[in-house]
2 protein chains.
Amino acid sequence: MNPVQFYKCLADETRLRCLMLIEHEDELCVCELTEALDESQPKVSRHLAQLRQCELLLDRKQGQWVYYRINPSLPDWAKSVLQQTNEANKAFLKVNLDSLFRMGDRPNRVASCC
Amino acid sequence: MNPVQFYKCLADETRLRCLMLIEHEDELCVCELTEALDESQPKVSRHLAQLRQCELLLDRKQGQWVYYRINPSLPDWAKSVLQQTNEANKAFLKVNLDSLFRMGDRPNRVASCC
DNA sequence: ATAATATATATGATTTTTCGTATATACAAG
DNA sequence: CTTGTATATACGAAAAATCATATATATTAT
């Protein structure tokens, strides 16, 4: 993982908030992120695709939903950066977490093993 | 320190290498960074100015040289991110450190207190 | 005073990134 | 099959970032 490419991924508000929300919630689908961020679906989807191409995120398709999670194969330093950023910037994420928890009709998780 | 602004500062190759070199050496002047990076002086200077404006770096003028150092007032999480990035990416910096150590006529440091 | 060195900044061009909108694909429900 | 929902992508426009070059300022040396 080239550190410049890694930080370019974090250097956009939409992408950083997506990463932090996913880090916080372990796994989120596109519609949840779209609601939490109050952004258009194509915009969120485009940024998620970029994070997937750079291998910061993995996705898992389940029915009509696509769930994104942090790539566990990221180097330790990168994972650590994401964790620390999250822990030290809770106020930054609050508005998005509030929207997420207020959201109705969130899809039911089914474990990927079933 | 807004995390998006912070990561935008790290999301450029010239700026990230400058930050990592300075982190490694505690303090470097513009001509040393210019030599270590093998980039034009205005380019290095411009990026350093940006890092100073964003308060990631502080500068100290001494004679004809301007020395840059990491701003010690950065939040702990940001300082930690810089340190971890450095420790986990030594190979990334090697070529620049080699150039720096090979450089002739490096300015003599004088402690800022004198 | 003149010349040389170190650094900063201005300017306009170029490149990169981001965006809105439209559209395509896949799945689910009826 | 049709409709609705979730997601992805294509395309051109707009915005932002970066750059090379020229030039300005400050300091040191002669």
Side-chain angles (χ1 to χ4, degrees), chain A residues 2 4-19 22 27-54 56-69 100 103-110 112, chain B residues 2 4-19 22 27-54 56-69 100 103-110 112:
Chain A
N2 174 320
V4 177
Q5 189 192 24
F6 176 72
Y7 287 122
K8 279 187 195 218
C9 286
L10 309 205
D12 171 90
E13 178 134 11
T14 302
R15 286 195 300 273
L16 187 61
R17 288 187 191 275
C18 282
L19 284 168
I22 292 168
E27 217 180 40
L28 287 171
C29 70
V30 183
C31 63
E32 290 171 321
L33 288 163
T34 299
E35 176 85 16
L37 294 176
D38 192 28
E39 296 277 4
S40 74
Q41 179 270 320
K43 177 170 174 179
V44 172
S45 195
R46 199 160 3 97
H47 283 296
L48 290 171
Q50 184 178 340
L51 293 172
R52 176 168 27 84
Q53 279 154 23
C54 293
L56 269 70
L57 295 180
L58 296 183
D59 63 338
R60 152 174 94 89
K61 188 163 191 176
Q62 182 182 295
Q64 39 188 339
W65 296 283
V66 177
Y67 291 96
Y68 284 88
R69 64 186 185 282
L100 180 62
M103 176 181 178
D105 286 328
R106 288 178 63 182
N108 285 323
R109 287 318 116 91
V110 178
S112 52
Chain B
N2 173 319
V4 178
Q5 190 194 22
F6 176 72
Y7 288 122
K8 279 187 197 222
C9 287
L10 310 204
D12 171 89
E13 179 134 11
T14 302
R15 286 195 300 272
L16 187 60
R17 288 188 192 273
C18 282
L19 284 168
I22 292 167
E27 216 179 41
L28 287 171
C29 70
V30 183
C31 62
E32 290 170 320
L33 289 164
T34 299
E35 176 84 15
L37 295 175
D38 190 28
E39 296 276 7
S40 74
Q41 178 271 320
K43 178 170 173 179
V44 173
S45 194
R46 193 162 10 92
H47 284 295
L48 290 172
Q50 186 178 339
L51 293 172
R52 177 168 25 86
Q53 277 153 24
C54 292
L56 269 70
L57 294 181
L58 296 183
D59 64 338
R60 155 174 94 89
K61 187 163 190 175
Q62 182 183 295
Q64 42 188 337
W65 296 284
V66 177
Y67 291 96
Y68 284 88
R69 63 187 187 280
L100 180 61
M103 175 180 180
D105 286 329
R106 290 178 62 184
N108 285 323
R109 286 321 114 90
V110 179
S112 53

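Quick note on labels: first sequence line is chain A, next is B, and so on, each numbered from 1. Fair warning: this is a prediction, and the values are worked out from it, not measured in the lab.
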Worksheet item: Just one of A:Val4, A:Leu16, A:Leu51 clears the side-chain contact (heavy atoms from CB on, under 4.5 Å) bar with A:Cys9, so which one?
Response: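 The passing option is A:Leu51.
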Discussion item. Whether A:Glu39 and A:Arg17 form a salt bridge (side-chain N of Lys/Arg under 4.0 Å from carboxylate O of Asp/Glu) is what I want to check.
Written reply: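 Looking at A:Arg17 and A:Glu39, the cut-off is not met.
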Worksheet item: If you find the nucleotide of DNA chain D closest to A:Asp105 and the one closest to A:Lys8, which residue's nucleotide is nearer the 5' end?
Response: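 Looking at DNA chain D, the more 5' nearest nucleotide goes with A:Asp105.
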Worksheet entry | Rounded distance in Å - CD (B:Glu39) to P (D:dT21) |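 Computing the B:Glu39:CD to D:dT21:P distance gives 13 Å.
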Taking the side chain as C-beta and beyond, is there a heavy-atom pair between [X] and [Y] under 4.5 Å?
X        : Y        : result
B:Leu56  : B:Leu10  : yes
A:Arg46  : A:Lys43  : yes
A:Leu33  : A:Ile22  : yes
A:Arg106 : A:Leu100 : yes
B:Cys31  : B:Trp65  : yes
B:Cys18  : B:Leu37  : yes

Discussion item. Check this one for me: any side-chain N or O of B:His47 less than 4.0 Å away from OP1 or OP2 of D:dA17?
Written reply: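 False: B:His47 side-chain N/O out of range (4.0 Å or more) of D:dA17 OP1/OP2.
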Worksheet item: Just checking, is any N or O donor in the side chain of B:Arg60 or B:Gln62 under 3.5 Å from an acceptor N or O on the other one?
Response: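 Yes, a side-chain donor-acceptor pair sits under 3.5 Å.
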Worksheet item: When the C1' atoms of the five terminal pairs at each end define the local axes, what inter-axis angle does the helix from C:dA1-D:dT30 to C:dG30-D:dC1 show, to 10 degrees?
Response: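 Helix axis angle between the two ends: 20°.
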Worksheet item: If you walk 5' to 3' along DNA chain C, what is the first nucleotide with an atom under 4.0 Å of a heavy atom in chain B, and what is the last?
Response: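 Under 4.0 Å from chain B, the extent on DNA chain C is C:dT5 to C:dT9.
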Worksheet item: Looking at A:Gln5 and A:Cys54, what are the two nearest heavy atoms and their distance?
Response: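 Looks like NE2-SG, 3.5 Å.
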Worksheet item: How is B:Pro42 classified with respect to the nucleic acid when contacts are heavy atoms under 4.0 Å: base, sugar-phosphate, or nothing?
Response: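 Result for B:Pro42 = base.
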Item to complete: Could you pick out which residue, A:Asp12 or A:Gln41, lies toward the 5' side of DNA chain C when each is mapped onto its nearest nucleotide?
Response: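 Between the two, 5'-proximity favours A:Asp12.
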Worksheet item: Could you write nucleotides 25-30 of chain D as a row of B, S and -, 5' to 3', where a protein heavy atom under 4.0 Å of any base atom gives B, of only sugar-phosphate atoms gives S, and otherwise -?
Response: -SSS--
Discussion item. Has B:Arg15 got a side-chain atom pairing as donor or acceptor with B:Lys8's backbone, closer than 3.5 angstrom?
Written reply: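 Yes, B:Arg15 side chain to B:Lys8 backbone: donor-acceptor pair under 3.5 Å.
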